[in-house]
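Report on the structure given below.
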Amino acid sequence: MQRRDFSRSLLAAGTAAVGAAGGLAFTPALAQRIGPKEGTDFVRIAKPVPVDSPAGQVEVLEFFAYSCIHCFNFEPAFEEWIQKKPAHVTVKRVPVAFSPAFVPMQRLYYSLEAMNLVDKLHAKAFEAIHTERLPLTTAPVIIDWVAKQGVDRAKFTEMFNSGATGQKAQRAAQLQDAYGVEGTPALGIAGRYYLQGQGPRTLVVANALIAEVRAKG
């Protein structure tokens, strides 16, 4: 999803998904043979972005929006990649805000994270928007939906509206700007590289960049 498309994406948040495998033009084997190219597959960040991960860890940020159909399609492959990643890779999801309309969805993610509910409800939030056509883009709808998933409404509402959640959303916007994010899904690698994409090639490129960071230290 590009910045210019955000309003249409929010309005169309209830459209049916095109399928998790849609648009994946490259197989991993083909992507590996072609090899990542700077300026085409990834961008080197001119001013490195500070990372939060400890020394020895390679930080990978996923920039996403729940309303983004491409993020929904990318999620299964990215989740599988997370399950197989090496121990020296730290993954953090970063919900973007291309406008104030995205803030409730940012707060949804960070509330789930704070309540240890990402594993349970992150993928379901995508499903709710893109398969069930629920407009999870405003606080009342989000809170109602989360409560229907068996989560304590009062506790979630408190977390959703908390200053700490708001600070995390602001930090996400700062990271988005620091990496120059123009569309989703996108990955930031170790504060040094930025790449967009939706399929196996994205993750092959990510693996190559992680290996480069690891080698250089």
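Y110 and A172 make their closest contact through OH-CB, 3.4 Å (heavy atoms, listed as atom of the first residue, atom of the second, distance). Closest non-hydrogen pair, A208 versus P36, comes out as CB-CG, 3.8 Å. In terms of heavy-atom proximity, Q106 sits nearest to A173 at NE2-N, 4.2 Å. Nearest heavy atoms, P104 versus P100: CD-O, 3.8 Å. The minimum heavy-atom distance between L108 and A125, with the atom names listed, is CD2-CB, 4.3 Å.
With sequence neighbours excluded, the residues that form a side-chain contact (heavy atoms from CB on, under 4.5 Å) with T202 are F74, L187, L195. Partners of S162 under the side-chain hydrogen bond (donor to acceptor under 3.5 Å, both in side chains) rule, at least two apart in sequence or in another chain, are T165. For T90, the side-chain contact (heavy atoms from CB on, under 4.5 Å) test picks out S53, Q57, K92, with sequence neighbours left out. T157 is linked by a side-chain contact (heavy atoms from CB on, under 4.5 Å) to I143, R153, N161, counting only residues two or more places apart in sequence or in another chain. A search for side-chain hydrogen bond (donor to acceptor under 3.5 Å, both in side chains) contacts involving E80 returns K84, not counting sequence neighbours. Looking at residues two or more places apart in sequence or on another chain, you find no side-chain hydrogen bond (donor to acceptor under 3.5 Å, both in side chains) involving W145. In this view, Q83 and E79 satisfy the side-chain contact (heavy atoms from CB on, under 4.5 Å) rule, not counting sequence neighbours. Under the side-chain hydrogen bond (donor to acceptor under 3.5 Å, both in side chains) criterion, Y179 pairs with no residue, sequence neighbours left out.
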If you look only at distance, which donor and acceptor atoms sit under 3.5 Å apart when one is on a side chain in residues 113-122 and the other is two or more places apart or in another chain?
{"unit_1": "K120", "atom_1": "NZ", "unit_2": "Q149", "atom_2": "O", "d": "3.4"}
{"unit_1": "H122", "atom_1": "ND1", "unit_2": "Y66", "atom_2": "OH", "d": "2.7"}
{"unit_1": "H122", "atom_1": "NE2", "unit_2": "R93", "atom_2": "NE", "d": "3.2"}

With a 3.5 Å cut-off and sequence neighbours excluded, list the donor-acceptor pairs that the side chains of residues 209-217 form with protein atoms.
{"unit_1": "E212", "atom_1": "OE2", "unit_2": "Y193", "atom_2": "OH", "d": "2.6"}
{"unit_1": "E212", "atom_1": "OE2", "unit_2": "K216", "atom_2": "NZ", "d": "3.0"}
{"unit_1": "R214", "atom_1": "NH1", "unit_2": "G56", "atom_2": "O", "d": "3.1"}

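Under the 3.5 Å distance criterion, the side-chain polar atoms of T184 are left unmatched by any main-chain donor or acceptor of A186. In terms of modelled atom types and a separation under 3.5 Å, the side chain of Q176 and the main chain of A97 share a donor-acceptor contact. Between the side chain of E59 and the backbone N or O of D52, at least one donor-acceptor pair lies under 3.5 Å. Formation of a donor-acceptor pair under 3.5 Å by the K85 side chain with backbone atoms of V89 is found in this model.
Going from atom CD of E158 over to atom CG of D152 covers 9.5 Å, rounded to the nearest 0.5 Å. In this structure, CE on M159 lies 10.0 Å from NZ on K155, to the nearest 0.5 angstrom. A distance of 10.0 Å separates OG1 of T138 from CE of M105, quoted to the nearest 0.5 Å. For the atom pair CG of N73 and NE2 of H70, the computed distance is 7.5 Å after rounding to the nearest 0.5 Å. If you take CZ on F126 and OG on S67, they are separated by 8.5 Å, rounding to the nearest 0.5 Å.
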I would like to know whether F78 and F64 meet ring-ring contact (aromatic ring centres under 6.0 Å, His included); could you show each step before the answer?
-> CA-CA 11 Å; F78 187 61; F64 78 96; 9.2 Å; no
What's the verdict on side chain to side chain contact (heavy atoms under 4.5 Å, CB included) for Y194 and R192, showing C-alpha distance, side-chain angles and the deciding distance?
-> CA-CA 7 Å; Y194 169 77; R192 306 180 194 181; over 6 Å; no
Assess whether side chain to side chain contact (heavy atoms under 4.5 Å, CB included) is satisfied between I69 and H130, documenting all intermediate values.
-> CA-CA 7 Å; I69 184 64; H130 299 287; 3.7 Å; yes
Step-by-step side chain to side chain contact (heavy atoms under 4.5 Å, CB included) determination, E127 to F72 | CA-CA 8 Å; E127 291 281 351; F72 171 57; 3.9 Å; yes
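Checking V60, I45, V51 one by one against I189, the side-chain contact (heavy atoms from CB on, under 4.5 Å) holds for a single residue, V60.
Note on I129: it does not cluster hydrophobically with V103, by side-chain heavy-atom contacts below 4.5 Å among ILVMFWY residues.
Residue pairs that meet the ring-ring contact (aromatic ring centres under 6.0 Å, His included) test with at least one member in residues 151-170, sequence neighbours left out, are F156-F160. For residues 98-111, no residue pair satisfies the salt bridge (charged side-chain N to carboxylate O under 4.0 Å, His left out) rule, not counting sequence neighbours.
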